[in-house]
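Labels below follow one simple rule: chain letters A, B, ... track the order of the sequence lines, proteins then strands, and each chain is numbered from 1. What's counted below: heavy atoms across the whole structure, side chains too, no hydrogens, waters or symmetry copies.
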Amino acid sequence: MHVTPRKTKTYIKTALKDSVLRRAVLNATGSTVASRQAIIDELPYWEDLREKAHAIKKDVIKHLDTTLQTFEQRCTDNGIQVHWAADDQEARQIILGIAERNRVCKVVKSKSLTTEEIHLNSSLIDKGIDTLETDLGEYIIQLMEQIPSHLIIPALHLTRKEIGKLFQEKLGNAYTEDPHELLKIARRTLRQHFLSADMGISGANFGIAETGSICIVENEANAHLTTTLPDIHVAVMGIEKLLPDFKALPYFLKLLPANATGQKSSTFVNFISGPTHAKLGEGPKEMHVVLLDNGRSRILQDPKLRQTLFCIRCASCLNSCPVYQQIGGHAYGWVYMGPIGITLIPQYLGESVGKTSPYVCSLCTACRDACPVKIDLPAHILNLRSRLAAHGKTSRIERTGMRIWAFLARHPRLYRFATWFPGKAQQLLPGGRSFPAPGYTRKRTLPRFDAQGFRKRFNTLQMPSAGQQTEHANSEDNR
Amino acid sequence: MKAALFIPCLTEHLLPEPGLSMVRILNKLGVEVEYVENQTCCGQPAYNSGYHQQVIPLAEQFIELFHDKEVIIAPSGSCVAMVREEYKHLKLREDLKAPYERLKGRIYEFTEFLVDVLNVDQLGGRFPHRVTYHDSCHLSRMLGVREQPRRLIANIADIDFLEMQGSDVCCGFGGTFSYKMKEISVEMVKRKCDSIQESQAEYCIGADSSCLMNIQGYLTQNGYSARTLHIAELLARSLEL
Ligand code: SF4
């Protein structure tokens, strides 16, 4: 499925017509938001956790170069082969290279949006490598030939019925919509693949520089199987995913599950510090970490937008976003969606591709309160909008209109005339109608312009109330 | 006390009644009010659309006009938030920075002013109806004003206050968003109107005319029975002002 943020407006229209999708998205986000809130209500130090996480991330991003060097060095010491990928193409080449050298026929994958970002699956499959997603949601999405619609719950937009039908069609079992049965069916298929795969590809929630480890947080244990059963393990992570040391981790292990799924803690936390086969006689023989830049170092150099690199991909901003709640993730046209998605799209894919994205937001600021690492998402959205406007990526009519309006607003007398005029003109419309505003008024009425305006009315109001006011003031004095 | 009125565009041109009600209430409380001539627009619509350069002279004009006022009061949270929270991100003229700092601490949204500055949360009126309250995004999240309007409402005699589901979920207006992303905007306001209806309130009270205009526009055109009412109007009506 090829999607692009260029077509966001079309996707939005399609999504809004899909009532099944919309109900699924609203229910799922609603329940996550509610369970998250229940956790917050129990934790008096919630805000301190956020402050601390923000401070840690800020520090890492500030010293990213040296932190990355430490990480690379410690990984190498641990026997992990570290690769640097400047962009998606290079990342794919590195991974395909590893696969070719080792004659890999089958890959199992787990927990990685970053590989979605670099379109890894299709290039593996094109090379004839059997590639299978093993997290249930990802697996469903792969069977559907779609991309994830949520950072944490990739199949969030689907209902049990749809998944039941999908399994029946693609896997040939009898129809069921019982989640336990569906899980069992998926597990049966996936287990065989874990045992026969030559290579496991995972993401990484955190890289820990001090020890050269990666940390993967999960609920299904598929990441555990992916990273321990095959002979080769490749972890793909964005260069911004680092933490300095283990001391920094507890804050994130508390914040991530609460914000992502509304859990107090996740079921599994994996720490991987190198291939274990030589030492333990089991586990992978080779381990690779691919450090992906793909635009991140450009963002790093941008003081105004650098903060977006703090993101831990928890999806809390998506869940709290009333726009996401209406349209789901596919409408954004990329692997990252919702409030964080619309700030990343123009940065990663360029202003021309992403010129609509920052406008898919009503600036309600709910995401700012939701973000565990306190990224000021609305400020970034506004920043991106101001760049789009300054770089001529908005419509000419809008730009001219704004210029005229700004000129008038600086000339109060002209402004008053220009804004008095519609009120007068509207009186000529038949039947007390208001001006039509195409689009806006199709489903909503607009009030009529007030022919006098507040200022005039206020001046006539002053007389009686001034008297009243002296009276009141006097009575105050007399007390 | 003498209060300078900051009248947002919507209040000036489309919905003057909330502004006038605000003035009547302030007068009743012994606050002298002044309309500052030559005020135009705080620049919010342009700012939110990304035209930050165009907003700078407006912000400067605003600061020049208002910086020496004792207090500034507006019947709108989002316009106050624009001045208090967003002007600081603009590259303002050096000589206006200190006046802006002073001004920032003296500009208030109407209910915030009544409750936090005047310490008035009971005006003594009566309004025998079922009402609910919509938390405008900027008022509730940017200015943190949630309790003040609720207290003012709860203290009106005979009023039946019903909290709606998701009172702080955006109504979908968002200024130019309501036009640029009209399809999403309409679905958002529909959700808001459904919540209002489910609460069984006759009136949805709010403190921002822009949200109320959006909500009222959908209510009217789609046959809902509830109506919107600005909190200043509610207070004025309950006092028969
Ligand atoms: S921006 Fe914040 S809330 Fe959104 S996914 Fe990233 S960390 Fe989570």
Which region of [X], side chain (C-beta onward) or backbone (N, CA, C, O), has a non-hydrogen atom less than 4.5 Å from a non-hydrogen atom of chain B, or is it both or neither?
X         : result
Ser320(A) : neither
Glu398(A) : both
Tyr415(A) : side chain

State plainly whether the residues [X] and [Y] are in salt-bridge range, i.e. N to O under 4.0 Å.
X         : Y         : result
Arg146(B) : Asp135(B) : no
Arg50(A)  : Glu47(A)  : yes
Arg237(B) : Glu17(B)  : no

With a 4.5 angstrom heavy-atom cut-off, could you sort out which part of [X] is near chain A: side chain, backbone, both or neither?
X         : answer
Asp168(B) : neither
Asn222(B) : side chain
Phe173(B) : side chain
Ser78(B)  : neither
Ile215(B) : neither

Does the side chain to side chain donor-acceptor pair (under 3.5 Å) test come out yes or no for Ser185(B) and Arg444(A), once each step is laid out? CA-CA 10 Å; Ser185(B) 170; Arg444(A) 287 168 286 202; 2.8 Å; yes
List the steps and the verdict of side chain to side chain donor-acceptor pair (under 3.5 Å) for Thr176(B) and Ser49(B). CA-CA 7 Å; Thr176(B) 48; Ser49(B) 308; 3.1 Å; yes
Hey, which residues of residues 383-397 of chain A are touching chain B, say heavy atoms under 4.5 Å apart?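 Answer by number: Arg385(A), Ser386(A), Ala389(A), Thr394(A).
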Within-4.5 Å side-chain heavy-atom neighbours: Asp369(A) and Thr365(A):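 A side-chain contact under 4.5 Å is absent here.
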Is the cationic atom of Lys180(B) (NZ for Lys, CZ for Arg) positioned less than 6.0 Å from the six-membered ring centroid of Phe177(B) and within 45 degrees of its normal?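 No; the conditions do not both hold, so Lys180(B) does not lie above the ring face of Phe177(B).
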Ranking Gly30(A), Ala406(A), Cys364(A) by heavy-atom pairs under 4.5 Å to chain B gives rank one to Cys364(A)
